[in-house]
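Reminder, nothing fancy here: chain letters follow the sequence lines and each chain counts from 1.
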2 protein chains.
Amino acid sequence: MSTELATYLSRYMPITDELADVLAKSSFVQSYPRATVLLREGERAEKGYFILKGCIRSYILKNGEDKTIEFFIEEESVLPLGLGKDVPSEHFLECLEDTVAVVSTPDQEERTLAEYPQLKTVCLAMTEIMAEKLQVSLARYRTSTPEERYLDLVEKRPDLLQRIPQYQIASYLGVQPESLSRIRKRLSRPTEKK
Amino acid sequence: MSTELATYLSRYMPITDELADVLAKSSFVQSYPRATVLLREGERAEKGYFILKGCIRSYILKNGEDKTIEFFIEEESVLPLGLGKDVPSEHFLECLEDTVAVVSTPDQEERTLAEYPQLKTVCLAMTEIMAEKLQVSLARYRTSTPEERYLDLVEKRPDLLQRIPQYQIASYLGVQPESLSRIRKRLSRPTEKK
DNA sequence: GAATGACATTGATCCAAGTCAAGAACGATA
DNA sequence: TATCGTTCTTGACTTGGATCAATGTCATTC
């Protein structure tokens, strides 16, 4: 059951029991084993995910190099670019761990919204929250060095450092694995010269 | 009058004449001279802008350094982070040119949405478009070098290079003005060695 | 326990961006 | 025209990340 979704939403919006019911009925939960690729470059994005358990990574291949765009963990929404539109995806989605997620499709969502227009308020709120997060991420990334970004990660999402291999963290920070290794070394002995 | 807003929206959504009327009545247009600061760090963000003419820059000050987050031009929406919420803004907004914009405030917007709930669909669509753009920007920025970002700008927004001083373009690309100058030089004589 | 493969660290070298300082180009204005 | 301020360019030097190659570490498996 996906009462978790209702619980989550209720932090941002008052969710009546009826609404919770609607949500539970119009969505379905699915499990994916580790390393499942949910979306490939060039494919049409058909599904959105709300993660209940596990971790999804979004990345692109550029000149054969794997570049991490974002990590998504429990209670986060993964909405691929161009979801439901007839455009080929530029990025990949893969499960880094065994993952359980509420899966939604645009047409199903549309039907639900048509039937329960009140839900649009919730959607609007969620989308706004998402846009805000993106703005913050963009501003942060633009205005910081790899070292600062690493320190930010240590402070704000230490869990990621535990569950994700370092070379993927490096790609997320925008550097090569070797560089992240050196950044860590640098930071580990701050007591030296100057 | 702000029928321009309705015209713009009609590209994404069917806008009835009635809706256009509502929009025109519930918004007002304002002019700002060049260099007007619309929002300062620490202030509460009270207003959103839809630019009819001119250009707005969003930036933050970090260790006394001015870092450009984004440029907004005609037909773009400027929605400050935390708009209407009781949190101090982290960024500044300034007009780079004499600017004319449709100005909206959250409570006014709320009133309009309460009166014309159909508008929520429009809002949702606009917010989704905004979130998409942000996702693309973030992915692009994360996965490219300053040189690539400059080439991207030349290709996709050559107008910005015309109307915005180079040192602000540099800060937008994430480099110092000197570096942008050298990037341009490098690119201008591609016929050499190797 | 030896071999394999995946990940992390280290060293050497290269290059792009940062920094500091000087000058060039340009427009506005006296 | 002379002067001033702003923006852009150039030069010399430093620094941090990229790259390539070697080695270290650890878990898995035969």
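Remark: C1' of D:dG17 and OH of A:Tyr167 are 21 Å apart, rounded to the nearest angstrom. Rounded to an integer number of Å, the gap from A:Leu173 CG to D:dG17 P is 11 Å. Across the protein-nucleic acid pair, A:Gln176 atom CD and C:dA16 atom C1' stand 15 Å apart, rounded to whole Å. Atoms CZ (B:Arg34) and P (C:dG27) sit 15 Å apart, rounded to a whole Å. With rounding to whole Å, B:Leu151 atom CG is found 14 Å from C:dA16 atom P. Spacing between atom CD of B:Glu148 and atom P of C:dA17 amounts to 11 Å, rounded to whole angstrom units. One interatomic measurement links the two molecules: CD1 of B:Ile169 to C1' of D:dT6, which rounds to 17 Å at whole-angstrom precision. A straight line from CZ of B:Arg149 to P of C:dA16 spans 15 Å, rounded to a whole angstrom.
Annotation for B:Asp17: atom CG does not count as buried by contact number, only 12 or fewer foreign heavy atoms lying within 6.0 Å. In this structure, B:Glu90 places its CD atom where only 12 or fewer heavy-atom neighbours from other residues, nucleotides or ligands lie under 6.0 Å away.
OP1 or OP2 of D:dT9 has at least one side-chain nitrogen or oxygen of B:Gln166 nearer than 4.0 Å. Listed pair A:Lys185 / C:dT10 meets the phosphate criterion, a side-chain N or O lying under 4.0 Å from OP1 or OP2. Dashed line: the shortest gap from a side-chain N or O of B:Arg186 to OP1 or OP2 of C:dA17 is under 4.0 Å. OP1 or OP2 of C:dT9 has at least one side-chain nitrogen or oxygen of A:Arg184 nearer than 4.0 Å. Look at A:Ser179 and you'll find a side-chain N or O under 4.0 angstrom from OP1 or OP2 of D:dA18.
The listed nucleotides are D:dG16, D:dC20, C:dT19; the one nearest the side chain of B:Glu178 is C:dT19. Distance from the side chain of B:Ser181 is smallest to D:dT9 among C:dA17, C:dA8, D:dT9.
Comment: B:Glu148 engages A:Lys62 in a salt bridge, judged by a side-chain N to carboxylate O separation of less than 4.0 angstrom.
Evaluation of the ring-ring contact (aromatic ring centres under 6.0 Å, His included) rule for A:Tyr150 yields no partner, not counting sequence neighbours.
The base of D:dT19 is paired with the side chain of A:Arg182 by a donor and an acceptor separated by under 3.5 Å.
Stacking of B:Arg142 on the aromatic ring of A:Tyr172 is recorded, both the 6.0 Å distance cut-off and the 45° axial limit being met.
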